Each structure stands twice: as structure tokens, then as C-alpha cells.
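Reviewing the structure listed below.
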There are 2 protein chains.
Amino acid sequence: MRKEKIPAATIIRLSVYQRYLKRLLANGVKVVSSSELAYEASVNPAQLRKDLSYFGRFGVRGVGYDVASLLNTISGILGLLDEWRVVLVGAGPIGQALLRHPQFSRQGYVFEAVFDFDENHIGKQLEGGHTVRAIEDLPKVIKERGIQLAVLAVPSERAQEIADVLVESGIKGILNFCTTRIRVPRGVSVQYVDFTILLDTLTYKISQNNTGNKEPVSSAKPKWAREHSWPVVQSNIQRQGVSLTS
Amino acid sequence: MRKEKIPAATIIRLSVYQRYLKRLLANGVKVVSSSELAYEASVNPAQLRKDLSYFGRFGVRGVGYDVASLLNTISGILGLLDEWRVVLVGAGPIGQALLRHPQFSRQGYVFEAVFDFDENHIGKQLEGGHTVRAIEDLPKVIKERGIQLAVLAVPSERAQEIADVLVESGIKGILNFCTTRIRVPRGVSVQYVDFTILLDTLTYKISQNNTGNKEPVSSAKPKWAREHSWPVVQSNIQRQGVSLTS
DNA sequence: TTTCAAAAGTGATTTTTATAACAATTTGAA
DNA sequence: TTCAAATTGTTATAAAAATCACTTTTGAAA
Ligand SMILES: NC(=O)c1ccc[n+]([C@@H]2O[C@H](COP(=O)([O-])OP(=O)(O)OC[C@H]3O[C@@H](n4cnc5c(N)ncnc54)[C@H](O)[C@@H]3O)[C@@H](O)[C@H]2O)c1
Ligand SMILES: NC(=O)c1ccc[n+]([C@@H]2O[C@H](COP(=O)([O-])OP(=O)(O)OC[C@H]3O[C@@H](n4cnc5c(N)ncnc54)[C@H](O)[C@@H]3O)[C@@H](O)[C@H]2O)c1
């Protein structure tokens, strides 16, 4: 445990586990086994245990994991015990859809300020109570409030220039909805949300199936699949995006 | 070439290459080398050549790749030479942001119909000319028009039941914005667009850095990095989501 | 108590993916 | 016509990640 390099996929899975743990907690479930939780997350139970083992030992052999405590542990690992303040750049349709959504605040993310370039937007009060500010104020606000996270939802051609400003102002993580890869220095992380690429992978698979060029379907159930009423789905955590990090 | 199992990450990268090829074509660039294109996509040039080699030989040694022809080839591989009709389920903020966006039609995706449950939405004319239809019509429309792709943007609690209807009606690929994993039978593909998970990976990394628990930074430039004016970013294609497929 | 079944933790193994290295081509200039 | 530079295609190697299989621990029932 510890020291070892932790796979990026592990972090993603932790986030998925966390979500199910929240649900279990809400349902009053006290204890959960690796198989149960892994099944919910559609991963191999050994994988789940391995994922956790990078960080310590949190279960009780023969028993399972305490839901509340594991949830707390994972939240801590992900850095989610504190509130995170976020700036939104680009108050277009995507940006506004995000602002409205309760999922973020539930997870501890708070939109602290919203910026746009368009004169027609600036000063407008948005649903949810945010007022759009001029992009010129961005560096000041970030620096003064020590904000570390940004959501980038400007037109893609603007992505790099805004990213440069964000980095310059001290932002450490960018959730990028734009369809261009951006370059950031080491120490700043970027995650891409790229719908069209995901659609393309769907069309690829459908085309494959249609042309009879099927994937070698391993029709055997995975050993760890439990009996249940719906079709068994092969666990399949896939690379699903491209991320520039440094 | 061929036969071999093709990594999911390869398909994602093809989509990224395709995007840059489009841009090159628009700029009148006729020929591109693996290093140039790979650099744009932030991957290793050997990786790019390997990716292409799964499907055939498309370049000219000593010269490079013909932009127009490679673009066409990749589009063909991804199944993007034809138009794809898509149904949207859930005309909330996310759904509407998608409808409005020109990126999709540019890539050959056409929203063929929009469905919602809410009486207040049904019948409404949305920006872009779509009329919201009652969810009850969904199976009929999908079957009659032979639609294979769906975008799922309903409240997450509804995700599974709607997915079941989609599958039952003949949908082969689902782009899922909901925050629950859905189960689908073999032969149907699902891709998840899950913003909060991506934010969580950002907070994880930032927390790591803040606690001094830094990643072992390999400060050496990758060999294939070219000289240029911005900071060199280590290529880093990461697992970036969780996808259930079958 | 003792025994058994359940289930975590983890080293060993397998599988998958990425990178490197180099032979084979091609072009163009000497 | 020959040589050198550029650049692909591909095999070999390395790295990373997932899975297996076994050991240990626990709790509860006999
Ligand atoms: N908007 C975000 O920032 C965000 C972030 C994370 C996740 N998501 C997820 O994306 C999905 C959509 O987000 P949103 O903000 O547009 O959601 P929303 O809940 O505001 O809107 C969903 C729409 O679906 C419709 N609907 C409800 N039940 C339906 C049914 N049975 N059949 C058809 N339509 C139905 C509703 O009438 C509404 O118009 C949600 O699952 C949400 O959790 C959104
Ligand atoms: N909406 C989608 O379905 C979708 C799909 C794929 C990709 N994207 C990408 O997501 C991003 C945002 O999408 P959208 O539909 O909200 O975009 P949009 O272009 O409609 O809105 C972007 C907003 O950014 C503002 N803006 C422009 N220049 C700015 C600047 N220099 N500084 C600050 N603000 C600026 C604009 O005024 C506008 O309000 C785009 O990059 C788009 O390519 C969106």
C-alpha cells in the first residue's frame, strides 16, 4: 500500500464507488462486501479490493466494509471532504446547464463566479442567482479568492487563450468542454468532456457489428457475476477520453 | 493488420486524429507526417502509426500521409461517412444545449426527434426547430425510422427504465449523461458522459499536490517532443471514464 | 471451544497497451 | 545513378493494468 503508482482508472472507479456508497448510506445499508459494491459499479471485485489497497486497509475480513466509514475514506482520498470553489468561463448553453444542476453542489462543488466575453451576457442575472461578469475580472477574482478549479465552456477556438489566463491566475484543474486539446504546464490538470468523440466510438462499434465484423464475444459470464434478473453485462472499463496532464 | 483486437483507446484517438485532419484539410495542408499529427493530438508518433496499422497501410514512407485520403479513411473506419440519426430523450438543459450545438451536424449526427415526459414540454417548439414529443411515441419513432443512436439526458433515476425502452425499440448505441450505470444486453453499447467523476479526478490530483504527495514527475521531455514556444506537456492518454459495453 | 463459511488483502500471473527501435521505402539532390 | 534524409510499417520490448488464486482474518453456529 501507498508509494506505488496509482492507476488513473483507480481514481475514476473510486468516484463511482463513492456514488454507490452514498446511495447505500441513504438506504440505511450499514455494511457492504466487495462483491456487492463491485457488482454495482460493474467491476471485478478483486479490482475493487486492489483499488482500495493502494490507500490502506478499510474492510473487515469475513465481514465487508462499513458503508459510512468507507464513504468517508474515499471522499477523503478524492479530496471531497472540503468544499471546492469553481469558476465557470463561458455562459453559453453548456455553461448554464451546469450552473443549474444540483449534482455539483451535492458533491461539494460551488460555482463561485461566472465569466463571459459577450457584452450582452455581462451583468445578466442567471437562473440560480449568478451574475455574469466580464472576462477581464477573471484573474483578479481567481487570485483574490484562491480558486483552484475552472470549468471551461467557451467556443473551442478560444480555449487555449483562456486556459493560459486561468493558469496564469493560479488555477490548478480545468474541466474542459471545448473540442481542442489545450496545453498547460506541469502541476495543472485538465480533464476533457468530449461528447462527439464518445459518439464516434459508438458509431464505430455499431458499424463493426453491422458489417459482421463482430468483436470476439466472450459469451461466458465472468466468474464473479451474481445471479440476477437482468442480462449480465461484462465489466468493461474502457479508456474513454483523452486527457492532458502534467 | 486486422483480426487483432483493437484497443478502445485507439478508437478514441482515431476520433482525435480525425478532428485535426479536418482542420488541416480546411487549411489547405496536403500532406502530414505521423509526428506532426501525433504532436497535435498529444500522443506518441509510434502510437499513431500503430493505431493506423490495425486497419491497414495508409501512408507513404519517406513522405507522410495524404490529409484528404487519411481523413476519409479514418472517417470510414469510424463509420462516419454516413449520416447518423439520433433520438434525444430528455429535453432538459443538457438536452437542449446539445440540440443547439453545430458540432454534431458537422460530424454527421442529426437529431431526428426529441422526447420528454413533462406535459409542459411536450409540443413545444425548441430552438433549432425541434418539437418535443411525448415519451410514449419513442418506440414507434425508433422502429419506424430504424434509428440506432440515442442520447439519454433524463433524470438519473429514470435512466434504466428509459434505457430498457430504447433497447427494446432497437437502439444500438446510447450516449448517457445520467449519473447511474445502466445495464444493456450484448450488442448494445453505452458511453457515459460523467462530469462530476472528472471533477473528482481533478480534486484528487490537486489534493495530492497540495499535500506534497506529488506524482513522480518525469521532468525529461519525451524524445518525440518538438521544439516550440509553449511548455512541453507530457502526453498522457488516460482512462477517463467508465463504460459498460456488451 | 472448535469448525466452517464468508470475505478482505495481496503476491503472482496474465493480459493489455504503449513505446522503442529499426528495416523498408520514397524523394530529391549531388 | 547514387546517396542521404525523411518517414512509414512493424517487430520486439517495456510498462501498466487487470485478474487470479491463495492466505489470513473474522464471526457465528455447532
Ligand atoms: N446538467 C448538468 O450539469 C449535469 C451534470 C451531471 C449530470 N447530469 C445528468 O444529466 C441528465 C440531464 O441533465 P439535465 O440538467 O438536463 O436534467 P433535468 O433533470 O433538468 O432534465 C431532464 C429532462 O428529462 C425529462 N424527463 C423526466 N422524466 C422523463 C421520462 N421518464 N422520459 C422522458 N423525459 C423525462 C424532464 O421533463 C426534463 O425535461 C441528468 O441525469 C443529470 O443527472 C447533468
Ligand atoms: N453544446 C454542445 O452540445 C457541445 C457539444 C460539443 C462541444 N461543445 C463545446 O463546449 C463549449 C461550450 O459550448 P456552448 O454550446 O455552451 O458554446 P457557445 O459557443 O454557444 O457559448 C460559449 C459562451 O462563451 C462566451 N465566450 C466567447 N468568447 C469568450 C471569451 N473569450 N471569454 C469568455 N467567454 C467567451 C460566449 O459569449 C458564449 O456565451 C464549446 O467549446 C463547444 O465546442 C459543446
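We use all heavy atoms of the structure for the numbers below, so side chains are in, but hydrogens, waters and symmetry mates are not. Note that the structure is a prediction, hence the values are computed from the model and not measured. Chain letters run A, B, ... following the sequence lines, proteins first, then strands; residues in each count from 1.
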Rounded to the nearest Å, what distance is computed from the CG atom of residue A/L14 to the C1' atom of nucleotide D/dA17? 15 Å
Is the NZ or CZ atom of B/R13 positioned over B/Y54's six-membered ring, under 6.0 angstrom from the centre and within 45° of the axis? no
Using the side-chain heavy atoms of B/R49, tell me which of these nucleotides is nearest: D/dA21, D/dG9, D/dT19. D/dG9
With 3.5 Å as the limit, what N/O pairs link the protein to nucleotides 24-30 of chain C?
{"unit_1": "C/dA24", "atom_1": "O4'", "unit_2": "B/R61", "atom_2": "NH1", "d": "3.1"}
{"unit_1": "C/dA24", "atom_1": "N3", "unit_2": "B/R61", "atom_2": "NH1", "d": "3.3"}
{"unit_1": "C/dT26", "atom_1": "O4'", "unit_2": "B/R61", "atom_2": "O", "d": "3.2"}

Please list, by residue number, the residues of residues 20-32 of chain B whose heavy atoms come closer than 4.0 Å to an atom of DNA chain D; answer none if no residue qualifies. none
Can you measure A/N44 atom CG to C/dT14 atom P for me and round it to whole angstrom units? 16 Å
Measure CD/B/Q47 against C1'/C/dT17 and give the value in whole Å, please. 8 Å
Do the side chains of B/T201 and A/I12 get nearer than 4.5 Å, heavy atoms only? yes
Kindly write out the residues that satisfy side chain to side chain contact (heavy atoms under 4.5 Å, CB included) with B/V60, not counting sequence neighbours, or none if the list is empty. B/V63
D/dT19 base / A/K50 side chain donor-acceptor hit below 3.5 Å: yes
Atom CG of B/L52 and atom P of C/dT19: how far apart are they, to the nearest Å? 15 Å
Taking only residues two or more places apart in sequence or in another chain, which ones pass side chain to side chain contact (heavy atoms under 4.5 Å, CB included) with B/R85? B/E112, B/R145, B/I147
If you check every side-chain atom of B/Y65, which of D/dA18, C/dT19, D/dG9 has the closest atom? D/dG9
When the distance from CG of B/L48 to C1' of C/dA18 is rounded to whole Å, what number comes out? 13 Å
Kindly point out which of C/dT17, C/dC22, D/dA17 is positioned nearest to the side chain of A/K5? D/dA17
Qualifying salt bridge (charged side-chain N to carboxylate O under 4.0 Å, His left out) pairs with a residue from residues 187-199 of chain B, counting only residues at least two apart or across chains: A/R19-B/D194, B/R181-B/D194
Residues passing the ring pair (Phe, Tyr, Trp, His ring centres under 6.0 Å) test with B/Y20, sequence neighbours excluded, are none
Phosphate contact (C/dA18 OP1 or OP2) by B/R13 side-chain N/O below 4.0 Å: yes
When rounded to whole Å, the CD to P distance for the pair A/E36 and C/dA6 reads 13 Å
Rounded to whole Å, CG of B/D51 lies from C1' of C/dA18 at a distance of 10 Å
Is any side-chain N or O of B/S53 closer than 4.0 Å to OP1 or OP2 of D/dT10? no
Residues 60-70 of chain A vs salt bridge (charged side-chain N to carboxylate O under 4.0 Å, His left out), sequence neighbours excluded, gives none
Using atom CZ of A/F58 as one end and atom C1' of D/dT25 as the other, report the distance to the nearest whole Å. 17 Å
Table please: side-chain donor-acceptor pairs of residues 73-83 of chain B below 3.5 Å, with sequence neighbours left out.
{"unit_1": "B/T73", "atom_1": "OG1", "unit_2": "B/S69", "atom_2": "O", "d": "2.8"}
{"unit_1": "B/S75", "atom_1": "OG", "unit_2": "B/Q18", "atom_2": "NE2", "d": "3.2"}
{"unit_1": "B/S75", "atom_1": "OG", "unit_2": "B/L71", "atom_2": "O", "d": "2.8"}

Among all residues two or more places apart in sequence or in another chain, which pass the salt bridge (charged side-chain N to carboxylate O under 4.0 Å, His left out) test with B/E168? none
